[in-house]
Amino acid sequence: MNLPAFVSGITATVGSTPLVELARLGGSRPFRVFAKLEAYNPGGSVKDRSALEMIRHGIASGRIVPGRSVVVESSSGNLGIGLAQVCAYYGVRFVCVVDPRTNAQNIAIMRALGAEVEVVTRTDAATGEYLPVRIARVRELAAATPYGYCPDQYSNPLNPRAHRTTMHEIVTALPAPPDLLFCATSSCGTLRGCVEYAREQGLGTRFVAVDAVGSAIFGNQLAARLIPGHGAAVRPALYLDGLADEVVHVDDASAVVGCRQLVAQEAVLAGGSSGAVVAALERTRPRIPAGAACVLIFPDRGERYLDTIYDDDWVRRHFGDIAHLWKQDVMETATC
Ligand SMILES: Cc1ncc(COP(=O)(O)O)c(C=O)c1O
């Protein structure tokens, strides 16, 4: 079948992201490594799939009416950008509630796409985190705004449903289903969508959830985190016991090392959670069977982290002199 030479409208470019073998990262190891580059979505991240699914379904079901409804959502960046783009496309007003940790470039992109951005400045008294305050503010705004609608990525089944396509694309691209799939987590939408697809199809893939040290999703003790994207201060409603076959918690320094190693070995400029996924692969490496195919989902691109992960001074200030860890055979010695 011939593929069409063009598609109609920007939303038609969501999904069908490249799957790339990373032979250098695999090195002399007896298994193969593939990366699903979600940065190739039009808004630059894995969350474009969720944004499109939630808004398109909202419109189809009559819950969202272009020109009248106001979509209100909490996001630290990527979902906000995805929603800003999809809402702009469909002519829906969008208000995104963020916090001071959201980087200025993400806010500027959302605004450039026509979104209104509200920054909460208070943390939750019980946890010291912004997320509970952001979520409460979204509920308040959605209730107070005529025709307000909150998709609620943390509980909306359309979020994981969007990622069934991710797993379908991976399985279709490879000669056989992957043996292992490494997936960063926050709302659990990506992980749950991929897991549910794989279990329904009886693929036999083992899922490794990659969470941040200090994130509450898999019951870790809450602690401060510097890298946005993966991890959550509250366990999301989409979480299910037994969702992952294995969980690996990665600290911020190891995520940075993973990102820098990706550049050094594969010339891939990826975001912080992708670095965490690389660190998790390295931690799991001694137990990966010979001949296995491992798929890493890389949720976003590195350009959004130029002031942090890819800024040598920032890295030195927060983690000390760790540059030697990605200069040679980085992950042999990484402290993940
Ligand atoms: C960079 C990045 N990595 C990982 C995730 C986790 O994805 P999910 O919400 O599907 O668990 C997100 C979610 O926003 C993200 O922005």
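Keep in mind that what you see is a predicted model, and the values were worked out from it rather than measured. Each ligand, and each atom within it, is numbered from 1 in the order the structure gives.
For ligand 1, the polar-atom distance check against Ser186 finds a nitrogen or oxygen pair separated by under 3.5 Å. Checked by distance only, ligand 1 and Val46 stay at 3.5 Å or farther apart across all their nitrogen or oxygen atoms. Checking only distances, Asn159 never comes within under 3.5 Å of ligand 1, N or O to N or O.
Under a 4.0 Å N-O distance rule, the pair Lys47/Glu53 does not qualify as a salt bridge. Between Arg164 and Glu200 there is a salt bridge, with a side-chain nitrogen of the basic residue lying less than 4.0 Å from a carboxylate oxygen of the acidic one.
Lys47 CD, 3.5 Å is the protein heavy atom nearest to atom 14 (O) of ligand 1. The protein heavy atom nearest to atom 8 (P) of ligand 1 is Ser187 OG, 3.4 Å. What sits closest to atom 12 (C) of ligand 1 on the protein, heavy atoms only, is Gly229 O, 3.4 Å.
Within the listing of ligand 1, atoms 6 (C), 11 (O) sit less than 4.0 angstrom from a heavy atom of Thr185. Residue-ligand proximity, Tyr305 to ligand 1, at heavy-atom distances under 4.0 Å covers atoms 1 (C). Residue Thr190 has at least one heavy-atom neighbour below 4.0 Å for each of these atoms of ligand 1: 7 (O), 8 (P), 10 (O).
Proximity of Ser273 to ligand 1, defined as any heavy-atom pair under 4.0 Å, is confined to the side chain (atoms from C-beta onward).
Formation of a donor-acceptor pair under 3.5 Å by the Asn103 side chain with backbone atoms of Arg304 is found in this model.
Using 4.0 Å as the threshold, Asp300 has a heavy atom nearer than that to some atom of ligand 1. Ser45 does not count as a contact of ligand 1, since none of its heavy atoms falls under 4.0 Å from the ligand.
The number of heavy-atom neighbours closer than 6.0 Å to CZ of Arg199, taken from other residues, nucleotides and ligands shown, is above 12.
Of the listed residues (Val277, Asn106, Asn78), the one carrying the non-hydrogen atom nearest atom 1 (C) of ligand 1 is Asn78.
When only modelled atom types and interatomic distance are considered, Tyr154 and Asn156 share no side-chain donor-acceptor pair under 3.5 Å. Asp211 and Ser215 share a side-chain donor-acceptor pair at under 3.5 Å.
For the pair Arg134 and Tyr130, the cation-pi test (distance below 6.0 Å, angle within 45°) is failed. Seen from the ring of Tyr147, Arg68 counts as a face-on cation partner, given the 6.0 Å and 45° thresholds.
Paired with Asp48 under the rule side chain to side chain contact (heavy atoms under 4.5 Å, CB included), one option of Thr17, Asn41, Leu79 passes, and it is Asn41.
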